[in-house]
Each structure stands twice: as C-alpha cells, then as structure tokens.
Amino acid sequence: MQPFTKKVIEIMKSIPEGKVMSYGQVARTAGNPRSARQVARILHSMSEKQDIPWHRIVNAKGEIAIKDGEGRFTQRLLLEEEGLRFEEEGKVSLSRYQYFPDP
DNA sequence: CGATTGACTTCTC
DNA sequence: CGAGAAGCCAATC
C-alpha cells in the first residue's frame, strides 16, 4: 500500500455529505497533481474493500465518470439523496458543490 | 517481474 | 469551442 494510496483513501473518506471532488482535486490534495488516473484506479479498486464513498468522486467536468451501466445510475441516485442537484443527466453543478477550493 | 490498463487531466491544434 | 494526443503512476495480469 503506497502512501499516496492511503492518503487518497483518507481524503475521499473525509468528503462530507452533499459535496463532491474531482479526481484531479483529490490527486492534488494527496500530493500528486498528475495522478488523477491513479485516483480513479484506486477508487474503483479499493471502494469495494474499503468503505469509500465512491459516488462523491466525479470527473473535472462534474460528470459521472463511469460509463453507462448500473454504477452510473447508482451514483446519480446516491448524490441526489445527499442533496446534490444535476444540471442535466449525469452532470452535477460543480461550482457550488466542490469540496476543496482550487488554488 | 515486465507489460498492460484505466471511473482522468490538461495542453495543443 | 471541439477533437486528439500525451502524460502519469498504481494496481492487475
């Protein structure tokens, strides 16, 4: 288990309800600005073994990153239950719901 | 243990 | 503005 991985997990677990983060944001916060893909990989890999709110992670555009399927539907549903609003199908209003400010 | 992959990002053209 | 390419690095095969 790499330190980066652990940090990413910690960060994701610390995201409060009703907020979302992009992969890039998580990567930066974890200390590796260019490891967005690892965040994705770690996320879908570890979320099943750890209690990670994977649905609070979206891509840079605020869209649900996962391709069509149950996962995407589930994420949308979970986020709506947390009070997030979708501008359109599978797209969340990042401007208001992002977690960490982008420096 | 090398090669492949990927729920991304960002810069160019 | 939209499409294409490159970059990055951990987990999997």
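So you know, we letter chains A, B, ... as the sequences are listed, proteins then strands, and number each from 1.
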Options B:dA7, C:dA10, B:dC8, nucleotide nearest the side-chain atoms of A:Trp54: B:dA7
Distance, rounded to the nearest Å, where A:Lys61 contributes NZ and C:dC1 contributes P: 13 Å
Test item: A:Ser45 side-chain N/O and A:Ile42 main-chain N/O as donor-acceptor pair under 3.5 Å: no
Gap between atoms CD and P, on A:Glu63 and B:dT9 respectively (whole Å): 10 Å
A:Gln75 side chain vs A:Ile57 backbone, donor-acceptor pair below 3.5 Å: yes
Whole angstrom value for the distance that separates C1' of B:dT9 from OH of A:Tyr23: 12 Å
Interface with DNA chain C, restricted to residues 8-17 of chain A and to heavy atoms under 4.0 Å: none
Nucleotide nearest A:Leu43 when distance is taken to its side chain, options B:dA7, C:dA10, C:dT12: B:dA7
Within 45° cone of A:Phe86 ring axis and under 6.0 Å: A:Arg76 NZ or CZ: yes
Separation of atom CD in A:Gln75 from atom P in B:dA7, rounded to whole Å: 13 Å
Options B:dT9, C:dA10, B:dA7, nucleotide nearest the side-chain atoms of A:Ile66: B:dA7
Length of the CG-P vector between A:Asn59 and B:dC8, whole Å: 7 Å
Atom-to-atom span, NZ of A:Lys67 to C1' of B:dA7 - whole angstrom: 9 Å
Residue pair A:Ser35 / A:Phe4: nearest heavy atoms and the distance that separates them: CB-CZ, 3.6 Å
B:dG6 base / A:Arg37 side chain donor-acceptor hit below 3.5 Å: yes
Side-chain heavy atoms of A:Glu17 within contact of A:Arg56, under 4.5 Å: yes
Donor-acceptor pair, side chain of A:Asn32 and main chain of A:Arg34, under 3.5 angstrom: no
Listed nucleotide nearest any side-chain atom of A:Arg34, set B:dA7, B:dC8, C:dC8: C:dC8
5' priority, DNA chain C, between A:Ser35 and A:Lys49 [closest heavy atom]: A:Ser35
Residue-phosphate contact under 4.0 Å: A:Ser22 side-chain N/O, B:dC8 OP1/OP2: no
Whole-Å distance separating the CZ atom of A:Phe4 from the P atom of B:dC8: 14 Å
Rounded distance (Å) that lies between atom P of B:dT9 and atom CE of A:Met21: 11 Å
A:Thr5 side chain vs A:Met1 backbone, donor-acceptor pair below 3.5 Å: no
Nearest to side-chain heavy atoms of A:Ala36, which nucleotide of B:dT9, C:dT12, C:dC8: B:dT9
